[in-house]
There are 2 protein chains.
Amino acid sequence: MQDFLAGVEPFKRLSLSERQRLSAVSRERRYSKGEMVFRTGDPSDAICIVKSGRVHLMKFLEGGQASTTCVMTSGDTFCCLPALDQKPYPVDAIAATDSIVVRIPTSSFQTLLEKNPVFLKDSLCLFCDRLRQVEHKSCMAYDSVEQRLAQALLTLSKKFGSTIPLTKHELAELASTTVETTIRVLSQLKKQGIIKSSRGSTTIAKPQLLEDLASS
Amino acid sequence: MQDFLAGVEPFKRLSLSERQRLSAVSRERRYSKGEMVFRTGDPSDAICIVKSGRVHLMKFLEGGQASTTCVMTSGDTFCCLPALDQKPYPVDAIAATDSIVVRIPTSSFQTLLEKNPVFLKDSLCLFCDRLRQVEHKSCMAYDSVEQRLAQALLTLSKKFGSTIPLTKHELAELASTTVETTIRVLSQLKKQGIIKSSRGSTTIAKPQLLEDLASS
DNA sequence: TGCCTTTCATGATAGGCGTCATAGATTCCA
DNA sequence: TGGAATCTATGACGCCTATCATGAAAGGCA
């Protein structure tokens, strides 16, 4: 397992012995598709790293709508926030596919933060990235669904490459819209040759045109 | 000036001598209403603290719309992000009123981060708060203008109390909508007795009802 | 004081998008 | 293998909200 951690932020720059100690106290856990990995208000006894599969960070609104804020795949760390400041983390994490998640006890994480300034700095940088990402989406309410979907697809393509293995429903949750509208908009993009679409996946055919749409 | 820093996160827990050294290298600068304090892509030679006045963190979209992501008032620190990871900060900061801003050189900030683990930890906590705030807004696109305005007013009331000294135009930018719609929605809330409204300010009369609206 | 800008306000109109209904195509699973 | 569930797709309808236009009231400035 320390091999796995060697490729994961913010653990990359830990010493071998530190990683080994961390591995010794960590636990792997399997989640089936649809299972909750973390629930709003849970006591945060561990920080989580996706080892395989796909986990979505989501918000559920009172109206019943679901909004996905972040798609986590192999090597992505989440639920660090409450481990740092002991405050609740207001999101739900759900396994979007069968997944394996590595759980590192909060206490071990905190010990490392206190003892290892380099680790603290790397954690800080990881947060800066996350903050930048989220702030980037903060003016989303102004954008049309087409723009929001274009942005979502482009963001996802950094993770998955040009073919994005998400259903239309999952894309809808990322763009904070409905399945029907998502399908309609993507159909238009398909007609224009900008994307290809099939059951359970969408392929970006013309990234440049999609970027134009995203920022227009 | 070290007295001022003593009340500002993340500087509160610095020693007196550390604050004095920081004060010695800091500079105060006045900005007139409408002036740019920080521009997207600026080299980040300093982190900023509002000493008096009001500074808005904004995004300008290609369509010409402006969206305010954050309202900073006395004691609020901003532009820390690029000082931490040397990456660009994709927002514009504009003085919404005549303002005084304290500028601390990035290099001094970085030195402190490296030498003082407590300061690093406090900075980290400050970021956690910011991240939580921004993530909270991430499903905004689902909400109606009424909900977004209600949320904006409630957030602002934590800073300003029940009377919020912003124009309808500024509220519109916070809710990512137009002035006209803002005025129409607020007129309705006024008729229902939930708020009072006058030139340049809005007063929350019934916070509970507003919260119900915000989360419905 | 008078002009000009800003703020607030209201109406008409059109388009975007949510909602509801229907249905074919795939996949899953008992 | 057959039925249920999921995914994709399309149409009709109506509301929300952006846009454009107009105008009154308040404040700033010469």
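Because only heavy atoms are used, hydrogens play no part in the values below, and waters and symmetry mates are left out as well, while side chains stay in. In what follows, chains carry the letters A, B, and so on, assigned in the order in which the sequence lines appear, proteins first and then strands, with residues in each chain numbered from 1.
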**Item:** Check: Ser52(A) main-chain N/O paired with Thr73(A) side-chain donor or acceptor under 3.5 Å
**Value:** no
**Request:** Take Lys168(B) and Tyr142(B), find for each the nucleotide of DNA chain C with the closest heavy atom, and name the residue whose nucleotide sits nearer the 5' end.
**Result:** Lys168(B)
**Request:** With DNA chain C as reference, determine whether Glu180(A) or Arg199(A) sits nearer its 5' end, using the nearest nucleotide of each.
**Result:** Glu180(A)
**Prompt:** Which of the following nucleotides, dA18(D), dA9(D), dT19(C), is nearest to the side chain of Thr178(A)?
**Reply:** dT19(C)
**Candidate nucleotides dT17(D), dT8(D), dG18(C), ranked by approach to the side chain of Val145(B) - the nearest** = dT17(D)
**Message:** Please determine whether side chain to side chain contact (heavy atoms under 4.5 Å, CB included) holds for the pair Phe78(B) and Val91(B), giving the CA-CA distance in whole Å, both sets of side-chain angles, and the decisive distance to 0.1 Å.
**Reply:** CA-CA 11 Å; Phe78(B) 61 100; Val91(B) 302; over 6 Å; no
Rounded to whole angstroms, how far apart are [atom1] on [X] and [atom2] on [N]?
X	N	atom1	atom2	answer
Lys190(B)	dA9(C)	NZ	P	5 Å
His169(A)	dA9(D)	NE2	C1'	16 Å
Ile183(A)	dT19(C)	CD1	P	15 Å
Lys191(B)	dA9(C)	NZ	C1'	11 Å
Leu171(B)	dC8(C)	CG	C1'	12 Å
Lys33(B)	dT7(C)	NZ	P	5 Å
Arg148(B)	dC16(D)	CZ	C1'	11 Å
Gln65(A)	dC17(C)	CD	P	16 Å

Verify the contact: side-chain N or O of [X] to OP1 or OP2 of [N], cut-off strictly under 4.0 Å; return yes or no.
X	N	result
Ser187(A)	dT8(D)	no
Ser197(A)	dT8(D)	no
Thr177(A)	dG18(C)	yes
Thr181(A)	dG18(C)	yes

**Prompt:** Are any non-hydrogen side-chain atoms of Leu166(A) and Arg54(A) less than 4.5 angstrom apart?
**Reply:**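 With C-beta onward as the side chain, the pair touches.
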**Item:** Neighbour count above 12 (heavy atom, 6.0 Å) for Lys159(B) NZ
**Value:**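 For Lys159(B), atom NZ is crowded (more than 12 foreign heavy atoms under 6.0 Å).
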**Message:** Can you tell me how the ring of Phe38(B) sits relative to the ring of Tyr89(B), calling it parallel under 30°, perpendicular over 60° and tilted otherwise?
**Reply:**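 Phe38(B) and Tyr89(B): tilted rings.
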**Request:** Report the residue (Gly200(A) or Arg184(A)) whose heavy-atom-nearest nucleotide on DNA chain D is the more 5′ of the two.
**Result:**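 Counting from the 5' end, the first nearest nucleotide belongs to Gly200(A).
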**Asked** At under 4.0 Å between heavy atoms, what does Thr182(B) touch on the DNA or RNA strands: base, sugar-phosphate, or nothing?
**Response** nothing
